[in-house]
Amino acid sequence: MAGFDKVVSCYEEAMQGLEDGMTVIAGGFGLCGIPENLITEIQRRGTRELTIVSNNCGVDDFGLGLLLKDRQVKKMVSSYVGENRVFEKQMLSGELEVELTPQGTLAEKMRAGGAGIPAFYTATGYGTKVGEGKPVGVFNDRNYILEEAITGDFAIVKAWKGDRYGNLIYRHTAQNFNPMAATAGRITVAEVEEIVEPGELNPAHIHTPGIYVDRMIQGTFEKRIEQRLVREI
Amino acid sequence: MAGFDKVVSCYEEAMQGLEDGMTVIAGGFGLCGIPENLITEIQRRGTRELTIVSNNCGVDDFGLGLLLKDRQVKKMVSSYVGENRVFEKQMLSGELEVELTPQGTLAEKMRAGGAGIPAFYTATGYGTKVGEGKPVGVFNDRNYILEEAITGDFAIVKAWKGDRYGNLIYRHTAQNFNPMAATAGRITVAEVEEIVEPGELNPAHIHTPGIYVDRMIQGTFEKRIEQRLVREI
Amino acid sequence: MALTREQIAMRVARELQDGFYVNLGIGIPTLVANCVPKGMDVMLQSENGLLGIGPYPTEVQVDADMINAGKATVTAVKGASIVSSSDSFAMIRGGHIDLTVLGAFEVDVLGNIASYMIPGRMVKGMGGAMDLVAGADNIIVTMTHASKHGESKLLNRCTLPLTGVGCIKKVVSDLAYVEIADGKFWLKERAPGVSVDQIVSLTKGELVVPDVVPEMQF
Amino acid sequence: MALTREQIAMRVARELQDGFYVNLGIGIPTLVANCVPKGMDVMLQSENGLLGIGPYPTEVQVDADMINAGKATVTAVKGASIVSSSDSFAMIRGGHIDLTVLGAFEVDVLGNIASYMIPGRMVKGMGGAMDLVAGADNIIVTMTHASKHGESKLLNRCTLPLTGVGCIKKVVSDLAYVEIADGKFWLKERAPGVSVDQIVSLTKGELVVPDVVPEMQF
């Protein structure tokens, strides 16, 4: 099935077509399950004025923090950016625009973007800064705000295993935002730890069907840990 | 973990609390993956005036058709009922109220009900009978209608394997509407082919986390086939 | 000669491209699966949650838990994935299906389609058809050009309850391949041996006829 | 004496029931996990997608792909399930979590909570807190009753940007257990050795004090 082989040979090819001013949706939670090498490739390309949609913004010297450091980001849409000091500096100076979005709303906005749902109501954020200026709907005597879907020019995700058709399986909690991000990109690029042949993944275990994946590449990953907590014994 | 053991010993206990006039959401597509024995138990109980939410309504002598035959159903919310002749008779006589709902909208309404999304916009049904009387929203120059979530007093689903905590795995395309139905019941009852011990199911393979399941029972299933098509060789 | 059901499917199959994810409705659309050109691969989606429909099972492969959207037993191809109905319709509603082929009772010059309900007849329901027509950018409708009584199914305005509005751009009938744009039908090809006059007489909606209407080749 | 962090957690733990699915925020709420009564089982949810948080890993179990919502390495219990962020927040937003425990800067008599932002301080973001307070029916806020400077955190109206409105019904502070209803705080229990006067003086919002305020027992 040649037409379904999503594997590309290098990171440059993986991010081909990324241009200044585009919106990139990235999977990952903290530094867990982030598309490390695709981010590095964006850094290498020096693409600017990007809007990045991601739950977090990496740390100062790893993950999406690298793009902040190089001033490639115009706007971040995130729920929590507390681990990144460069972030605050750029925000206070007005260089960086920030749209703080509740974590569940962010996940749902990505899912909606991929699923052709242009907007949905949620109680999350009603009566807060997040709800300001958004339409309010009342259902069963409760107030909800209308949140619009997010789609991106690119979506970049990191999976554990992927078959050549782009079917993806995530490992443990490295799943997080990746499945929704994968659905919401006009071009979705996945990097994986291991490429397998079609048929090797159980159809019922696939988290992201290949229909969402346009390009796939095998990478090696640092997988940095933010909070290494261990117990004795 | 006694508090998480969802297993009940008999079908009567599984459907305890079902009362006349309640709403029951049922998983299944056609006769595939339907909670056969839970439906039979509802028939046995003779509960009446039920609103049933299910993509289809079984056939005349199997599945939800049994409840129609016994005139237990006040209203059906379905996308396709073409396999059931009793259905039409009751509808034409005015005994049975029917809310035809597009299949994808029905699935999404159940998901929304379980996920605390009271309503969402979809292009499906805009400009048709389905959209009549529903609010219209315009996003990116396209018209969408607002669809409200569905929740039920009970949800009944059928899974392949379930562990005692109610974690469920569906088999092949018998998954269909079951995962969404499971999230949308105030009381969710699952019947499974096999009960296993917690830890036997891979956490990444679980389709329905036990948090959604209140009661679980092991059953035996007829699994009737509607269209048996085979090829030679 | 009007196209046979198989020829309609063959004509539709020419719109396929290598690597397309395709949803085929019941009836003639299903036949398109048999007409995929050699060396080209398409993956078929079934809205009950199977991406990668395989052939019908052998007697020993028959499995009640493995069916397609027509409720018929089926198999999965290598590289298939199986998802829930909501995830399946996320693919459809989100516009991820490259081509959707489905039947209709009527289409009109505005791209409206009526395909699920004839007042007075047995109530069946729309199934996934409303989601499919609202979610896809690329839809081909297959139908006979006119009813058995010679009544055109290509109209200025659909008379039956609509399945979707403004969503149909291509129709392959037994007489012609017609595109819909700017509130008109545009005659693009005619079935072998079918005259332009015949098509015009059986097309009730406004039809633009170019000087040359190529004949389909099979 | 004001309650220690551990005692606050112990008091919160009395609200647990066997079979509860619980989401614990960072800080004092996390300590509740160590106070689950013997013979009682609760399952902890982490909003990054883990239902069934286990203990921290041993050195050899450490896995970068297995973290909790605080981004710390963690393990899973037997019977855990792992889901995507959208499925995780479906549990939260859909009201399926039996108890949510989280910290706050301020709460008020209307059940409003401010917990994510102090103007002029480092911007961090709300993470999942807004979803949690909007999704849960049963929330316990843990906090010190007053700031280090003696300023009450239980107010008639929150002064900081809100995390949620009308969603908080129970507060366990270092001085008292307080419920919120009908636009008032209701003093239910006091910390051992803490006088009602002391609580009243440090509660700026309207506080209803019953004749007898039981002392918490540890």
Side-chain angles (χ1 to χ4, degrees), chain B residues 1-7 25 107-120 149-152 155 159 161-170 179-188 195-216, chain D residues 16-23 36-54 63 65-68 74-100 128 130-137 164 167:
Chain B
M1 287 213 176
F4 293 99
D5 192 339
K6 311 293 174 73
V7 179
I25 303 178
E108 193 67 13
K109 281 162 88 91
M110 290 184 194
R111 179 189 177 274
I117 305 274
F120 58 91
I150 292 179
T151 55
K161 293 183 183 181
D163 72 21
R164 291 190 163 272
Y165 295 176
N167 292 305
L168 305 179
I169 287 179
Y170 306 98
M180 289 80 66
T183 67
R186 195 168 46 75
I187 297 173
T188 292
I195 294 177
V196 302
E197 290 306 311
E200 288 188 45
L201 305 179
N202 181 328
H205 297 167
I206 290 166
H207 294 118
T208 294
I211 193 170
Y212 294 111
V213 176
D214 299 287
R215 305 171 191 169
M216 192 172 71
Chain D
L16 295 172
Q17 294 179 28
D18 197 27
F20 259 24
Y21 295 95
V22 178
N23 185 294
V36 180
K38 281 239 165 84
M40 183 184 287
D41 291 309
V42 301
M43 201 171 276
L44 302 177
Q45 199 247 18
S46 188
E47 58 262 34
N48 58 318
L50 173 58
L51 181 66
I53 306 175
D63 187 331
D65 291 334
M66 196 64 167
I67 66 168
N68 64 19
V74 80
T75 61
V77 297
K78 267 192 184 177
S81 52
I82 296 174
V83 299
S84 71
S85 296
S86 69
D87 284 344
S88 180
F89 279 93
M91 293 178 195
I92 292 168
R93 201 190 303 102
H96 304 282
I97 304 291
D98 297 300
L99 177 66
T100 294
M130 282 193 183
D131 308 281
L132 280 160
V133 299
D137 247 356
C167 48

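Computed from a predicted structure; not experimentally measured. Chain letters run A, B, ... following the sequence lines, proteins first, then strands; residues in each count from 1. We use all heavy atoms of the structure for the numbers below, so side chains are in, but hydrogens, waters and symmetry mates are not.
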Closest non-hydrogen atom pair, [X] against [Y]:
X        : Y        : value
D/Ser81  : B/Ile206 : CB-CD1, 3.8 Å
B/Pro209 : D/Leu51  : CB-CD2, 3.9 Å
D/Met43  : B/Phe4   : N-CZ, 3.2 Å
B/Tyr165 : D/Tyr21  : O-OH, 4.0 Å

List for me each residue that meets side-chain contact (heavy atoms from CB on, under 4.5 Å) alongside B/Ala107, sequence neighbours excluded, and say none if there are none.
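Scan of B/Ala107 (side-chain contact (heavy atoms from CB on, under 4.5 Å), adjacent residues dropped) gives B/Phe177, B/Met180, C/Ser85, C/Ser86.
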
Taking only residues two or more places apart in sequence, or in another chain, which ones meet D/Asp87 in a side-chain contact (heavy atoms from CB on, under 4.5 Å)?
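If we apply the side-chain contact (heavy atoms from CB on, under 4.5 Å) test to D/Asp87, skipping adjacent residues, the hits are D/Val83, D/Ser84.
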
Is B/Arg111 close to chain D through its backbone or its side chain, or both, or neither, when contacts mean heavy atoms under 4.5 Å?
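Just its side chain gets close to chain D.
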
Validation row: D/Asp98, B/Ile211 side chains within 4.5 angstrom (heavy atoms)
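Answer no - side chains too far apart.
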
If we define contacts as heavy-atom pairs under 4.5 Å, which of D/Ala80, D/Gly52, D/Ala90, D/Gly49 has the most with chain B?
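Looking at each option in turn, the highest pair count goes to D/Ala90.
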
Looking at B/Asn202, I want to see if its CG is surrounded by more than 12 non-hydrogen atoms of other residues, nucleotides or ligands under 6.0 Å.
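More than 12 heavy atoms, drawn from other residues, nucleotides or ligands, come within 6.0 Å of this atom.
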
